[in-house]
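Below is one structure, written out as structure tokens, with a few remarks after it.
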Amino acid sequence: MSARPHKAASAAEPREKTLRAWLREFRAELIVWLALMLLAAATFVLAYLPLGPFHPLTSMGIAVAKALVVALFFMHLKRESATIRLAAAAGLVFLGVLFTLTLADYLSRPPGVELDAVRATRAQTPQQP
Amino acid sequence: MSDIPLRDVRLETDPHVGFETSYLGEGFSLWSWLTTTDHKRIAILYLISTTIFFFLGGAAAVLIRLELFTPQGDLLTAEAYNRTFTLHGVIMVWFFLVPVIPTVLGNFLLPLMIGAKDVAFPRLNLFSWYLNIIGGGLAVAAMLAGGVDTGWTFYTPYSTIYSNGHVSLTAIGVFVAGFSTIATGINMIVTVHTLRTNGMRWFRLPLFVWAIYATSLIMLLSTPVLAMVLVLIIAERLFGLGVFNPDLGGDPILFQHLFWFYSHPAVYIMILPGMGVVTEVITCFARRRVFGYQFMVYALLGIAVIGFFVWGHHMFTSGQSMYASLAFSMLSFLVAVPSAIKVFNWTATLYRGQITWEASMIYALGFVGLFTMGGLTGLFLASVPVDIHVHDTYFVVAHFHYIMVGGMVSAFFAGLHFWWPKITGRLYPEFVAQIAAGMMFAGFNLTFFPQFILGNLGMPRRYYAYPPEFQVWHVLSSAGAVILAFAYLLPMAYLLWSLIWGKRAGDNPWDASGLEWQTRSPPPKHNFVEAPFVSEDVYDYHPENAPRGSGADDRRYDDRDIAGEKADAAESGRRHRAAETPPATAQARRASKTREPSDGEGR
Amino acid sequence: MSSTVAGHFHDHRQQSRANTLGLWIFLATEVLFFGALFAAYLIYRVLYPQAFETAARETEIAIGTLNTALLLTSSASVAMAVKTARLGQRRATMVLLGVTLALGLGFLAAKGFEYHSDLTKHLWPGSADFPLDPPQTRIFWALYWIMTGIHAVHVTAGLGLWAVILTMIARRSFPLESSDKVEIAGLYWHLVDLVWIFLWPILYLVGRS
Amino acid sequence: MNEPGIWLPQASSEAAATDTILIALLVVSSAIVLLVAGLITVFAIRYRKGSPASREPLPSIFARDVEFGWTFATLGLFIAIFAWAASQNITLAHPPAARMEIHVLAKRWMWKVEHAGGQGEIDELHVPAGELVELIMQSEDVIHSFYVPAFRVKQDVVPGHTERLRFTPEKPGTYHLFCAEYCGTDHSRMIGRVVVQSPEEFAAWLTRQPQEDDLAKSGRQLFVRFGCAGCHEGQASVRAPRLSGLFGAPVQLADGRTVTADDAYVRDSILQPKRDIVAGYDPVMPSFAGVVSDGEIAGLTAYIRALRAPADGGVY
């Protein structure tokens with residue numbers, strides 16, 4: 001994303017900046033912005049389609065894509081040093097640990113042990129596994 | 001005790017080097033202390049505040065032990081007892097055990113040990129102290145206003161629906177103190193990453209710096225989850241936003257998952273700095289390099305990482321699924337392995353050393369013994385069937401007190417005594433200190449070993465009245481507590497005494513290796529008159545009558561390596577001196593000149 | 001000029017590296033701070049899928065989507081502001097930060113309006129006449145109020161930060177090109193946007209098909 | 001039950017299994033502690049400052065091999081202990097059907113036990129020896145924990161969950177029952193007894209129990225448990241109105257009104273005692289709102305209704 005350096009980069013650039021010059025200067029950011037808006041629109045549309053069990057998969061997939069776009073381009077993670085990338089990843093890794101081990105408890109509860117409210121709701125909706 | 005051979009301590013002979021030119025000398029007004037950004041002064045502020053919290057929590061502990069002297073509760077009512085043990089838990093965990101070593105010894109020594117002028121974000125460091133004080137103030141205010149009776153674990157639904165104590169005020173206090181810990185963590189990690197002096201490679205860092213680094217990792221990755229759990233408690237109590245409310249289908253076990261995801265790594269936040277201090281003290285007073293330096297570093301990082309996988313062993317009896325319990329039990333056994341490695345390495349460090357018994361060495365070896373017992377009883381609690389029997393009994397109370405009081409508090413006292421000459425420029429009275437250390441070790445064992453037996457007999461935790469057959473063990477424990485209380489008061493007395501009447505310590509009274517001992521004590525404001533240069537490995541000790549050879553622990557750099565480092569150090573020294581204009585007086589430069597390693601003639 | 005190299009750093013590069021690393025570590029703590037909430041949401045969504053879908057249908061999807069657009073655009077304007085700040089273009093940076101402030105305030109205004117309409121529909125879990133049937137829907141709405149509430153607090157903090165930086169640039173109290181204030185605040189703002197990127201699908205788009 | 005020893009009797013089959021692992025861990029741990037403490041003292045004496053012992057540096061390979069050695073030794077030892085401890089749990093994965101199911105209701109500061117035949121007990125549990133018993137436990141308010149040290153079993157009772165605890169009592173006798181999870185003010189009073197009887201005795205005991213629980217009798221126990229007896233009975237220091245013969249009689253109130261003491265009056269004076277105060281008494285009674293549940297108020301009212309004869313303060 002190397003934007004061409006603007007000619008008169010001094011503080012007193014000409015007052016009325018032409019739109020085309022402005023677009024050319026921020027070409028990179030505008031492309032990224034457009035990508036984000038498209039992804040947002042996509043996830044919005046997909047939410048209304050009858051995807052059934054695939055809903056969480058698609059909505060989370062697109063959200064992760066948007067997050068990566070913002071992190072890599074807007075937050076310049078692409079050119080940061082390894083330590084900073086490690087710091088960025090550390091939060092997510094240990095969040096993953098919290099998710100997986102907590103889910104391990106809830107998903108592996110045998111039929112007799114789960115919450116009473118859960119047993120009640122599962123009794124009412126037989127087609128739910 | 002007096003015939004034990006002691007190192008004859010080299011005193012500071014030069015009268016006018018010392019107080020005036022040190023970090024303590026440049027202004028003693030209240031304002032200069034309250035707005036200081038000097039990491040050494042902030043360490044002193046933390047030392048004062050954590051000591052006050054320590055004696056506040058300790059007073060609650062004495063009350064509890066006196067109450068349990070008799071089977072039927074007669075000193076306190078049930079309500080008052082519940083609020084007392086909650087006060088003891090909250091104050092000790094969040095305002096003494098978690099902050100004390102990283103903020104007192106860590107703040108003071110880390111920049112010195114890596115040759116930096118200050119921590120990376122000095123103002124954030126001061127802000128962290130203020131957060132700690134505000135949080136502590138709120139928690140103490142909640143206690144004075146009537147206290148909390150939920151225990152320091154705040155288990156729902158009791159804490160959110162049924163408790164009528166000041167839960168929200170305490171939760172806000174702890175929430176604020178949590179951000180103080182996060183601020184310290186950020187400061188320490190960035191300092192170690194960016195401010196190491198030239199030659200201070202990662203594997204030349206002293207193990208105390210590694211311990212603080214590993215602790216900061218845990219602080220940063222676990223405290224936010226505690227902050228959110230406290231927000232959820234406050235949201236449910238004040239605004240009725242019941243996330244854990246069983247009537248709505250909420251699950252109190254989910255609260256326990258989120259709470260223990262913080263609270264188990266928190267116990268590693270408490271013990272890792274202690275391990276770092278103990279390594280420094282044992283290597284100095286055994287005059288030997290640490291045994292297996294790289295294994296010790298990987299053990300520290302191993303504990304920090306695996307410590308996040310094991311929290312489920314607090315919930316074996318809570319209705320957590322049996323398969324998850326087995327998984328957590330397995331991971332809990334794994335996390336015990338690095339601790340075992342460290343204990344064996346400390347013991348091996350003593351092999352073929354020149355061991356002397358200064359007070360800090362007594363505390364350090366006491367730490368190794370008591371931490372071993374604490375860690376091994378952790379194995380009992382990690383195996384599911386045994387934990388089902390002894391969970392929530394005094395066996396657990398004894399286990400975590402062995403690690404926290406026997407381990408961490410002994411390590412803190414070891415560090416306090418070891419670096420006292422560096423912090424204050426004064427020497428404490430050695431003989432009295434040895435008596436206090438021995439008394440603390442004896443008092444501790446008398447207090448908490450009977451509680452293992454109580455736990456095995458089934459005495460539950462947090463009972464203020466108990467069946468009469470447990471009384472004999474409680475009487476022993478309460479007697480031990482009195483000795484322990486006295487053993488804690490003694491150091492406070494003679495350390496304060498030494499501030500005025502103590503002998504003046506030189507730069508390096510213990511003849512220890514490490515950058516902090518190469519500058520003056522108490523150190524000047526910017527720590528070093530000229531940037532120190534590191535060329536040898538860390539812990540450059542070797543026993544008195546041992547030849548310097550090619551042995552495993554005397555690894556020498558070959559000449560090409562040393563020449564290369566001297567070249568780039570000279571170049572960076574020139575660049576550094578150009579950027580720095582300290583008013584270096586003649587004596588300051590002479591006193592802090594890098595001391596030549598004394599070949600073979602050691603004291 | 002307050003942004004010259006602080007005493008204890010050797011040079012500017014070391015100081016800005018320290019600031020960036022420190023901020024990224026703070027972002028990791030923020031990820032875990034919101035992460036605990038996402039963990040609670042994940043568990044309850046797995047336990048009560050039906051109740052969460054009936055509850056999520058009641059959220060104001062129009063305002064939610066508008067807010068997403070506003071925040072994404074403000075993220076772009078911040079990225080531009082960081083670029084112009086590094087190039088020292090003072091006027092362009094001030095304009096872009098002004099746009100960011102406007103978008104942020106728009107977000108808060110829309111959020112306020114949405115909260116108002118939620119309250120008129122008694123969607124507050126504490127209230128007696130909570131309209132939705134299975135009690136677990138109250139857990140969804142409790143999470144909704146806590147998540148969006150704390151996120152709004154972070155947005156407000158971010159806007160405060162931008163306002164301070166904007167006035168400092170206006171008063172020329174620090175050299176624009178050599179300071180990384182704008183970049184550091186930008187990183188924080190992008191995180192606030194990242195959190196919303198995940199909040200929006202799980203709170204508003206659930207149960208729409 | 002109360003001979004002070006150092007080890008608990010093994011009163012259930014689980015106790016024997018758990019104790020073997022406990023003792024094994026005790027042996028291993030004391031071995032390691034003695035090893036470490038022994039080495040430290042030996043080194044401290046042998047290598048004290050100025051002692052003649054040799055200080056040759058250790059050969060480098062020696063350091064590395066020893067390090068790997070004890071790393072994998074401890075790893076292997078710990079995994080072995082885990083496998084052994086876990087094996088005992090795996091057998092619980094698919095449990096045999098328990099013939100005897102007892103319902104336990106935990107509520108703030110008492111255990112309500114109900115046997116299959118409807119016999120009710122408070123803070124007591126009678127079980128036959130040698131038979132697999134399954135407790136089906138629920139909590140009415142906060143988290144409690146059913147803990148019988150002599151059986152080495154413990155199970156938290158979490159509100160919103162139905163917890164199951166399975167054990168086989170072996171040795172007849174009376175054992176402690178504790179609440180192990182902190183549950184509020186009288187957490188330490190929420191204790192009781194587990195009585196293990198031979199099957200014949202147990203069957204006899206079952207028949208002697210009244211089939212359906214006598215409400216007034218449980219009301220009496222509540223009357224004592226909540227401390228009402230402390231003031232409303234005998235020569236209490238606090239002046240409080242006598243309740244015998246109260247039910248159905250008119251009551252003169254401090255503000256001049258007279259009301260008949262019916263169910264509603266008893267209920268109100270329990271929940272909001274300050275509302276209508278009996279003439280001649282000062283308003284010292286604490287409110288029991290949130291402490292006493294509706295079921296208990298019904299029990300207390302039944303008990304007060306039974307207090308007809310004014311003589312000695314009531315029928316037990």
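Values reported hereafter were calculated over all heavy atoms of this structure, with side chains retained and with hydrogens, waters and symmetry mates removed. Lettering of chains follows the sequences in order, A, B, ..., and the numbering in each one begins at 1.
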query: Please walk me through it: do C:Y41 and C:F52 pass ring pair (Phe, Tyr, Trp, His ring centres under 6.0 Å)?
result: CA-CA 10 Å; C:Y41 177 92; C:F52 266 44; 5.4 Å; yes

task: Start with the C-alpha distance between C:I25 and C:L21, add both sets of side-chain angles, then the distance that settles side-chain contact (heavy atoms from CB on, under 4.5 Å), and finish with yes or no.
output: CA-CA 6 Å; C:I25 294 173; C:L21 179 60; 4.0 Å; yes

message: Please determine whether ring pair (Phe, Tyr, Trp, His ring centres under 6.0 Å) holds for the pair C:W141 and C:W124, giving the CA-CA distance in whole Å, both sets of side-chain angles, and the decisive distance to 0.1 Å.
response: CA-CA 7 Å; C:W141 277 92; C:W124 178 264; over 10 Å; no

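In this structure, the portion of C:E183 lying under 4.5 Å from any heavy atom of chain A is its side chain and not its backbone. Within the 4.5 angstrom heavy-atom criterion, only side-chain atoms of A:L107, from C-beta onward, approach chain C. When heavy atoms are compared at a cutoff of 4.5 Å, C:T29 does not approach chain A at all. C:V78 does not touch chain A: none of its heavy atoms, backbone or side chain, sits under 4.5 Å away. Of the atoms belonging to C:L96, it is side-chain heavy atoms, and not backbone ones, that fall under 4.5 Å from chain A. Interface residue A:E80: only side-chain heavy atoms are found under 4.5 Å from chain C. Using a 4.5 Å cut-off between heavy atoms, A:L115 contacts chain C through its side chain alone, with no backbone atom that close. Residue contact with chain A, scored on non-hydrogen atoms closer than 4.5 Å, involves the backbone and the side chain of C:I197 alike. Interface remark: A:A90 contributes no atoms to any contact with chain C (heavy atom separation under 4.5 Å). Using a 4.5 Å cut-off between heavy atoms, A:Y106 contacts chain C through its side chain alone, with no backbone atom that close. Contact annotation for A:I62: neither backbone nor side-chain heavy atoms come within less than 4.5 Å of a heavy atom of chain C. Interface residue C:Q136: only side-chain heavy atoms are found under 4.5 Å from chain A. For A:L36, the parts sitting under 4.5 Å from any heavy atom of chain C are the backbone and the side chain alike. In this structure, no portion of C:Y204 lies under 4.5 Å from any heavy atom of chain A. If you measure heavy-atom distances from C:L42 to chain A, the contacts under 4.5 Å come from the side chain alone.
Neither side chain, A:S59 nor A:T43, offers a donor N or O lying under 3.5 Å from an acceptor on the other. Between the side chains of A:H55 and C:S209, at least one donor N or O sits under 3.5 Å from an acceptor N or O. For the 3.5 Å distance criterion, the side chains of C:S77 and C:T100 qualify, holding a donor opposite an acceptor.
Contacts with chain C were tallied for A:A71, A:A87, A:P50, A:A40; A:A40 has the most, counting heavy-atom pairs under 4.5 Å. Counting heavy-atom pairs closer than 4.5 Å to chain C, the top-ranked of the candidates A:V70, A:L92, A:L30 is A:V70. Interface remark: of the candidates C:T65, C:T68, C:L27, C:L191, C:T65 forms the most heavy-atom pairs closer than 4.5 Å to chain A.
Aromatic ring orientation, C:W189 versus C:W162: perpendicular (interplanar angle above 60°, classes split at 30° and 60°). The aromatic rings of C:W196 and C:H151 sit tilted relative to each other, their planes meeting at an angle between 30° and 60°.
Cation-pi contact between A:K78 and A:F73: absent, since separation from the ring centre below 6.0 Å together with deviation from the ring axis within 45° is not met. Annotation: cation-pi geometry not satisfied between A:R24 and A:F26 (NZ/CZ under 6.0 angstrom from ring centroid, within 45° of ring axis).
Side-chain N or O atoms of C:T156 include one that pairs as donor or acceptor with a backbone N or O of C:A152 at under 3.5 Å.
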